[in-house]
Novice: 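After the structure tokens below, expect a handful of questions from me.
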Number of protein chains: 2
Amino acid sequence: MLVYNRFYGNDTGIVTKYVVFFYFRSIFVFMAVTIKDIARHSGVSVSTVSRVLNKKPDVNTETELRVNKAIKKLGYSPSSVARGLVLKRSNVLGFVVPDITNPNFPELARGVVEKARQYGYSVIFFDTNHDNKVEKEAINLLRSKQVDGIIVSFSEANQVELGKLKEEKFPAVQIYRKSPNSVISTIAIDNVDSAYKAVKYLLSLGHKQIGHLTTGISTLSGAERLEGYQKAYKESGLVYRDEWIFSGSHCADTGYDGMKIFLDQKEPVTAVFASHDLMAVGAYEAVFEKGLTIPGDISIMGHDNIEISRLVHPKLTTIDTYKDKLGQAGVELLLEEMAERSRINREIIFKTELVVRDSTRQIS
Amino acid sequence: MLVYNRFYGNDTGIVTKYVVFFYFRSIFVFMAVTIKDIARHSGVSVSTVSRVLNKKPDVNTETELRVNKAIKKLGYSPSSVARGLVLKRSNVLGFVVPDITNPNFPELARGVVEKARQYGYSVIFFDTNHDNKVEKEAINLLRSKQVDGIIVSFSEANQVELGKLKEEKFPAVQIYRKSPNSVISTIAIDNVDSAYKAVKYLLSLGHKQIGHLTTGISTLSGAERLEGYQKAYKESGLVYRDEWIFSGSHCADTGYDGMKIFLDQKEPVTAVFASHDLMAVGAYEAVFEKGLTIPGDISIMGHDNIEISRLVHPKLTTIDTYKDKLGQAGVELLLEEMAERSRINREIIFKTELVVRDSTRQIS
DNA sequence: CTATTTTATTCAAATTTATTAAGAATTTTT
DNA sequence: AAAAATTCTTAATAAATTTGAATAAAATAG
């Protein structure tokens with residue numbers, strides 16, 4: 001065995017090391033075993049082997065045994081590609097998300113992949129990085145790969161594309177983010193009710209001035225959660241002020257920015273409901289910077305119950321959205337669509353659940 | 001348009017709502033357009049169309065135009081499946097991780113998927129949930145799907161399987177976690193050096209009693225980081241005590257447990273280096289519980305620079321491992337392997353980088 | 001100006017690996 | 001010997017690529 005190491009630096013400043021091993025072993029060129037080989041080896045025809053493989057009738061028990069022995073011996077595994085060509089299905093699903101590094105999506109992805117596996121499907125995964133062009137590209141690629149169905153989490157921009165799929169009865173479901181005009185079947189959560197529940201909880205703790213860090217009306221979920229906030233206020237008979245609402249984005253920094261503004265107001269809010277946990281955690285920083293405490297001086301609530309929420313100090317009160325269940329339900333709905341191939345759209349809305357932790361408190 | 005809503009509860013206590021839309025539109029059954037249709041439509045043979053598609057020579061400019069027009073008109077896109085059958089490649093890569101909800105993997109995944117896309121490859125994704133059986137299953141599935149190569153992050157258990165792939169010259173690389181006996185090519189980080197750097201930094205701040213929260217020698221990276229810790233101590237001339245080392249796991253709670261033990265010792269450590277950020281953040285909780293401050297009373301350092309590390313308060317000093325770059329490099333190495341098809345193993349080791357934040361301080 | 005060679009296009013047929021329907025061969029039953 | 005039941009084989013099919021042959025046009029030679 002010959003070994004050599006090479007160290008070198010590259011323009012990123014990362015130094016990499018090469019360790020190369022040369023193996024001198026029996027030379028063995030991999031040749032794929034086909035159904036023909038099995039047929040020849042077991043002295044039957046390919047169609048008989050096919051019947052054995054697919055557990056169809058009209059096969060002698062003895063023949064079956066012989067064929068299975070050959071399959072095992074030669075380590076044969078049918079080519080999904082050839083099978084897909086004939087049967088026009090691939091047993092592969094497509095899954096397209098805007099950003100896997102957004103903490104909501106890994107759990108969703110796990111739910112999807114796990115459930116798909118249970119049903120015998122593999123999953124081709126795309127991360128579009130919020131790029132509409134890539135979204136479109138992904139759809140085309142997945143179709144040319146002949147996936148049996150797709151699960152997407154698209155922005156408004158490409159809903160038209162999804163509508164086209166529906167026209168063709170190509171199985172597709174939108175997950176996590178709602179399909180704005182319900183052009184395809186959807187799995188989502190009841191954002192209005194969820195935010196309503198959150199704000200109602202804060203009101204029940206005695207808070208009357210509740211700020212809201214929203215992602216703005218640019219995202220549907222943001223708009224819905226804002227609606228829930230408003231609904232809770234309306235029902236309580238109290239009124240909120242416009243300056244208690246701050247529009248941020250999907251990242252934590254905007255929570256910090258918003259909270260800073262809230263704290264600088266003459267009559268600061270006593271509680272804040274953030275549209276997602278990351279903003280809530282960002283808000284923490286602004287509170288600490290002012291030398292204030294949570295929940296002593298101000299109560300903070302998030303939404304989504306991502307992992308971070310139970311790791312920060314104090315642990316964040318939030319709303320669980322059952323992301324893995326959403327992913328699983330997405331696959332199940334997709335499989336239904338694949339079976340039916342109708343143009344009916346279903347919309348399955350999950351209720352969410354309040355998770356009370358340490359970032360909120362009762363005030364007199 | 002007919003709409004009906006259905007509400008129902010299920011055993012998980014989640015209430016879901018059904019909104020079903022019935023569309024009555026022109027009935028349109030999707031029929032795939034094939035190369036034959038293009039040939040017929042443009043009055044040439046399929047082989048000519050194929051030559052146009054693959055930009056091969058020996059095609060009249062005028063013919064090419066005619067064919068391309070037909071392609072556009074009929075909205076034709078070649079079947080990757082049929083193409084895969086003939087060419088024996090699918091333009092699909094496999095990517096298998098133990099746990100996508102582990103905060104290190106999403107970034108890795110993004111790097112892999114993004115780079116693969118740039119090179120025209122799609123990625124079939126598996127999450128094994130640390131199940132060795134599922135790992136094996138994934139390999140078999142990916143092979144029957146005729147992926148062109150795979151990127152895995154396997155535990156020691158299935159290294160034998162990977163070795164078999166190598167025997168067959170099936171392109172495969174191990175990423176993030178090192179391949180223990182280098183049975184296949186690897187992209188990893190220099191864990192020893194990385195931990196060495198971390199502890200050396202703490203020593204440079206004046207800390208002489210540094211605790212280490214390790215994942216134990218059960219994981220290779222844990223063992224290597226422990227080695228780095230020991231190396232730094234050895235070099236400094238100081239000695240560490242065995243009770244300053246606590247073995248935990250991949251989850252945050254064990255950081256809390258370990259830190260509690262550290263703090264209860266008669267002569268507590270003044271700094272702690274955790275093998276990964278989650279443990280470090282878990283340790284925070286134990287410190288706060290005692291009414292102590294970070295870094296006032298104790299400095300804490302993590303490893304991996306996951307998103308959480310800059311969201312906690314104080315922001316965690318840690319080590320960046322360039323996870324997205326690792327993912328990208330994984331794809332590039334895999335593509336090299338695919339081109340060469342040799343039995344040579346490469347090992348590319350990335351250096352890591354110290355990220356100083358607010359959880360560590362100089363002591364006199 | 002015809003005959004031959006060269007060049008540029010284009011086509012028909014084989015190939016890839018599996019499934020499946022139709023029909024042939026064999027065995028069993030009537 | 002005919003009919004029925006069982007089991008297997010042949011050939012078509014899926015949608016592309018590829019090879020060697022065919023055709024047509026252009027160039028060269030006699």
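In what follows, every chain begins at residue 1, and chains take the letters A, B, ... in the order their sequences are listed. Given the structure is predicted, the values throughout are model-derived calculations rather than measurements.
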Novice: Tell me whether the OP1 or OP2 atom of C:dT19 has a side-chain N or O from A:K88 closer than 4.0 Å.
Specialist: no
Novice: Does A:S45 put a side-chain nitrogen or oxygen below 4.0 Å from OP1 or OP2 of D:dC8?
Specialist: no
Novice: So, is the end of the A:R177 side chain (NZ or CZ) under 6.0 Å from the ring centre of A:F154 and within 45° of the ring's axis?
Specialist: no
Novice: For DNA chain C, whose closest nucleotide is more 5', that of B:V86 or that of B:S47?
Specialist: B:S47
Novice: When the distance from OH of A:Y76 to C1' of C:dT17 is rounded to whole Å, what number comes out?
Specialist: 7 Å
Novice: Could you tell me if A:S80 and B:Q146 have a donor-acceptor pair between their side chains, going purely by distance under 3.5 Å?
Specialist: no
Novice: A:V44 near the nucleic acid: base, sugar-phosphate alone, or nothing, with a heavy-atom cut-off under 4.0 Å?
Specialist: sugar-phosphate
Novice: Examine the side chains of B:N104 and B:N102 and answer whether a donor and an acceptor come within less than 3.5 Å of each other.
Specialist: yes
Novice: Testing the 3.5 Å rule here: is there a donor-acceptor pair between the side chains of B:D37 and B:Y76?
Specialist: no
Novice: Tell me: CG of A:D37 to C1' of C:dA18, nearest whole Å?
Specialist: 13 Å
Novice: Return the value, rounded to whole Å, for the distance between atom CZ of A:R66 and atom C1' of D:dT7.
Specialist: 12 Å
Novice: Are A:T63 and D:dC8 close enough that a side-chain N or O sits under 4.0 Å from OP1 or OP2?
Specialist: yes
Novice: Can you find a side chain N or O atom of B:T34 that sits less than 4.0 Å from OP1 or OP2 on D:dA15?
Specialist: no
Novice: Looking for any heavy atom pair under 4.0 Å, which part of the strands does B:L87 touch: base, sugar-phosphate only, or nothing?
Specialist: sugar-phosphate
Novice: In whole angstrom, give the distance that lies between atom CG of B:N60 and atom C1' of C:dT10.
Specialist: 10 Å
Novice: Rounded at 0.5 Å granularity, tell me how far CD1 in B:I175 sits from OG1 in B:T186.
Specialist: 10.0 Å
Novice: Ignoring backbone atoms, test whether A:R51 places a side-chain nitrogen or oxygen under 4.0 Å from the OP1 or OP2 oxygen of C:dT19.
Specialist: no
Novice: Nearest whole Å is fine: how far is C:dT15 P from B:I35 CD1?
Specialist: 19 Å
Novice: Compare side-chain N and O positions of B:T48 against OP1 and OP2 of C:dC11 and report whether any pair is under 4.0 Å apart.
Specialist: yes
Novice: Output the rounded distance in Å from CZ (A:R89) to C1' (C:dT19).
Specialist: 11 Å
Novice: What is the distance from NZ of B:K56 to P of D:dT19, rounded to the nearest Å?
Specialist: 7 Å
Novice: Out of C:dT9, D:dA14, D:dC8, which has the shortest distance to the side chain of B:K36?
Specialist: D:dA14
Novice: Quick check for you: among D:dA15, C:dT10, D:dC8, whose closest atom lies nearest to any side-chain atom of B:A82?
Specialist: D:dA15
Novice: Roughly how many Å is it from CG in B:D58 to P in D:dA21, rounded to a whole number?
Specialist: 16 Å
Novice: Would you indicate what B:S50 reaches in the nucleic acid, counting non-hydrogen atoms under 4.0 angstrom: base, sugar-phosphate, or nothing?
Specialist: base
Novice: Let me know, please, whether B:E64 or B:L85 comes out on the 5' side of the other along DNA chain C by nearest nucleotide.
Specialist: B:E64
Novice: With the side chain counted from C-beta on, respond yes when A:L334 and A:L93 share a heavy-atom pair under 4.5 Å apart, and no when they do not.
Specialist: yes
